[in-house]
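These notes concern the structure reproduced below.
Remember, it's a predicted structure, so these values are computed and weren't measured experimentally. Below, chains carry the letters A, B, ... as their sequence lines are ordered, and counting in each starts from 1.
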Amino acid sequence: MTTITAYTSHHSPEKGLMRWIKTTNHKDIGSLYLWFAFIMLLIGGAMAMVIRMELFQPGMQLINPQFFNQMTTMHGLIMVFGAIMPAFVGLGNWLIPMMIGAPDMALPRMNNWSFWILPFAGGILLSTFFMEGGAPAFGWTFYAPLSTTFAPDSTDFFIFAVHLLGFSSIMGAINIIATVVNMRALEMKLMDMPLFVWTWLITSFLLIGAMPVLAGAVTMMLTDRNFGTAFFDAAGGGDPVMFQHIFWFFGHPEVYIMILPAFGVISHVIPTFARKPLFGYSSMVYATASIAFLSYIVWAHHMFLTGMPVAGELYFMYATMLIAVPTGVKVFNWISTMWRGSMTFETPMLWAVSFVFLFTIGGFSGVMVGIAPADIQYHDTYFVVAHFHYVLVTGALWSIIAATFYWLPKWTGKMYNETLAKVHFWWAVISVNVLFFPQHFLGLAGMPRRIPDYSLQFADFNMISSIGGFAFGTSFILFTYIVIDCIRNGKPADARPWEGAKGLEWTLEPKAQYHSFNKPPTRELIKQESQNS
Amino acid sequence: MVDISVRKKITKIFWIKLILSPILMFAFAYAMVPIYDVFCEITGFNGTTGRINSEQVYAIDESRRIEVSFFAMTMGGFPVQFRPKINSMEVIPGKFYTTSYIAKNNTDKVIIGQAVPSVAPTEAALYFKKLECFCFNKQVFEPHQKIEMTLRFVIEPELDKRIKDVSLSYNFFKIKS
Ligand code: HEM
Ligand SMILES: [Cu+2]
């Protein structure tokens, strides 16, 4: 059943390089974001390979500790700000207008600007490697006074890069809110909106709330470093612990910025391949909103060891536990959607099902580190590293890969090679567990994070983890091949390549035209394609 | 052409809110600085000690004893020897006590420093009040000078009865002159 509608005009894009520089088209900009994120993923991944090589054996073999710290710091920053966040903005750009029956984003020129800031920010960040004193080496959380008093000069460039990244994200968020409010087909009620749109809308509010606080934190760092203020300098009446409060007031919402759109993606893929409507549509919306709200009031669970009064520890512990409730609702709904469905396991579904499984492992270890008395043991060990890689790699990144395979036919009009994609999936899902699961054991045994060398009892698990790491790293070569092969040689895809897929985007041509929905979709069509039924 | 007459309209108010909110959140980051200070003062969070301006009279329970330990630290290569005169003392809540810290400048230069206090457990910080302290002001150390700096304090009787040990530590920082 394909309904190719005539909601399309046939302007074609400009030719050549200028098309990409001047473009205000949401599909072009979406692609730019996605390619940028992918390149950053490879750069950040290369750094991870260096880290795993050094940790392959105890002792210092390849690099010096200073460079090791630069690697962990830049790996974290690039993955968070360069890969995961831009990838989701790219998906949002591509999909949100098509999902709400809009011709484009509400603010197309600002959209161009938000993207083109990114390569400069990324370039500035990477250029710090070539500066005297090297790149920042204080960890992606850049705690003061390491990042103020004891940091290399290149830190000022890092600060500028973070400002730019913040600007870009805030503009992107404003654009998405304006698009959802303003450009949505008149006939589409809020509760008709697909979940990817819902989760992105809520994420935008998190971005608007959290990114400016990050900008504030780095601005204070900047003036502390160069203009004699003492926000984080105890000698001048400031307080380094306050840095952590400000940072995590941004930082915890930030981790949900990276996972809420992932929840949205999974809520599209699972119903499609279970051939059942999403279980509990409205509870999904409310759960997302509660998670977003709660994410603002739990930040000090990252600071259980800074010497808080017991009352503070208890409050932040209980509030943290509370987040597991709406998160549990979501996992429950995904499983219920699959329950007695006619499931098939095409590649996007494989990624989505393994997301549910592996993200939940990360959620459980999250609850473990959220227990204040237990966190005394876990904090700053590899257990925390295992926790956040399960939620970020097998959570956020997994959903991005699921989304890529799921919507690639709509983006390119062609089908990827299913056999190769399945090989890639199994390769990645096995190696990622070999990579990160042993890190739980390392952490429980007391191996600290962010260190280039370790004592002998940690040797075996580290070697296993490194082998998994190299295998996982190389899986991306295959991924690159599959995507490029699809774009170049893929077989033509149907307009609705997945039997059970619902959503306005599938009513468009097999390869969505440059401009879609110049006339908004009708009420019937919206109802028919709604997830809320 | 794109027909936008069939789209919803964003009101001006909404635009203003949308653009103002990130600006306000940026300001909020700065507002967290004084909020944090006030919060620490009110709750004793982060071991922030209190200050009183005159000797008050408290109801005294002579049977209670609290062991107060004194610690001294210096940060970032602060070139002054710094230590408490006595390492600990027994204190009855509600009574005022005086003790001192000793500092010696071992260099040929004038050094200016600032001491920052912290009390543990943090639940006790709220009731640890200082009448006189070298941490209220910057300290100037002349070359090779040795000085004794007084501290007069009281632990208020409202302190939780379960707390029997309190430690007070000072951390000296160099101030760029
Ligand atoms: C049930 C949900 C979750 C709970 C209860 C939870 C709890 C925690 C706690 C208590 C910590 C601090 C551990 C320590 O440093 O000792 C932590 C760290 C972290 N979590 Fe989670 N978490 C949850 C879900 C997530 C999700 C969904 C993400 C991201 C997508 C995430 C990303 C992170 C990151 C990046 C860190 C490490 C930050 C650092 O570098 O120190 N967490 N989590
Ligand atoms: Cu957190």
Side-chain angles (χ1 to χ4, degrees), chain A residues 9 101-104 106 145 149-150 166-167 170-171 173-174 177-178 181-188 204-205 207-220 228 230-239 241-242 245-246 249-250 306-312 515 517-520, chain B residues 1-11 14-15 17-37 39-40 43-48 74-76 78 112-126 135 138 160 171-176:
Chain A
S9 76
D104 207 314
T149 319
F150 303 106
F167 257 109
I170 292 168
M171 289 193 297
I174 289 181
I177 294 177
V181 174
N182 195 30
M183 306 292 282
R184 197 170 79 236
L186 258 188
E187 301 285 352
M188 182 178 266
S204 304
F205 284 101
L207 279 167
I208 287 185
M211 293 309 283
V213 176
L214 173 71
V218 292
T219 310
M220 289 179 212
F231 288 104
F232 309 129
D233 181 8
D239 189 340
V241 175
M242 189 180 66
H245 282 290
I246 298 177
F249 187 87
F250 146 78
T306 52
M308 264 189 278
V310 174
H515 296 282
F517 290 117
N518 285 339
K519 264 203 266 131
Chain B
M1 255 320 280
V2 179
D3 181 7
I4 49 169
S5 61
V6 294
R7 310 277 168 194
K8 294 187 177 59
K9 288 254 153 50
I10 294 191
T11 57
F14 193 81
W15 276 120
K17 279 191 199 157
L18 213 50
I19 290 164
L20 218 57
S21 22
I23 297 171
L24 285 177
M25 285 310 288
F26 184 75
F28 174 73
Y30 277 84
M32 275 166 90
V33 177
I35 293 172
Y36 180 74
D37 284 346
F39 184 76
C40 290
T43 60
F45 207 80
N46 214 15
T48 311
T74 55
M75 268 311 255
F78 188 62
I112 304 172
Q114 169 72 52
V116 177
S118 177
V119 165
T122 41
E123 284 75 7
L126 199 51
C135 62
K138 283 188 251 182
D160 192 324
N171 207 338
F172 244 113
F173 292 87
K174 187 169 178 171
I175 290 189
K176 294 158 218 136

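- Interface remark: B/P121 contributes no atoms to any contact with chain A (heavy atom separation under 4.5 Å).
- Shown here is B/F78, whose CZ atom has more than 12 heavy atoms of other residues, nucleotides or ligands within 6.0 Å.
- Within the 4.5 angstrom heavy-atom criterion, only side-chain atoms of B/V116, from C-beta onward, approach chain A.
- Of all heavy-atom pairs between A/G307 and B/T122, the closest is O-CG2, 3.4 Å.
- If you measure heavy-atom distances from B/F172 to chain A, you find no contacts under 4.5 Å at all.
- With a threshold of 4.5 angstrom between heavy atoms, B/F28 approaches chain A through side-chain atoms but not through N, CA, C or O.
- Interatomic distance, A/I170 CD1 to B/M25 CE, rounded to the nearest 0.5 Å: 10.0 Å.
- Heavy atoms only, all atoms of each residue included: B/P22 and A/P212 are closest at O-CB, 3.2 Å.
- Residue A/A230: no heavy atom, backbone or side chain, is found under 4.5 Å from chain B.
- At a 4.5 Å heavy-atom cutoff, the contact between A/T219 and chain B is made by backbone and side-chain atoms alike.
- Residue A/I208 touches chain B through both its backbone and its side chain, counting heavy-atom pairs closer than 4.5 Å.
- The residue among A/G238, A/A215, A/A311, A/A210 with the most heavy atom pairs within less than 4.5 Å of chain B is A/A215.
- No donor-acceptor pair closer than 3.5 Å links the side chain of B/Q114 to the backbone N or O of B/K174.
- Using a 4.5 Å cut-off between heavy atoms, A/I246 touches chain B through backbone and side chain atoms alike.
- Only the side chain of A/F249 has a heavy atom closer than 4.5 Å to any heavy atom of chain B.
- Counting all heavy atoms, side chain and backbone alike, A/N518 lies closest to A/P103 at OD1-CB, 3.6 Å.
- For the pair A/M242 and A/F231, the tightest heavy-atom approach, listed with the atom from each and the gap, is CE-O, 3.4 Å.
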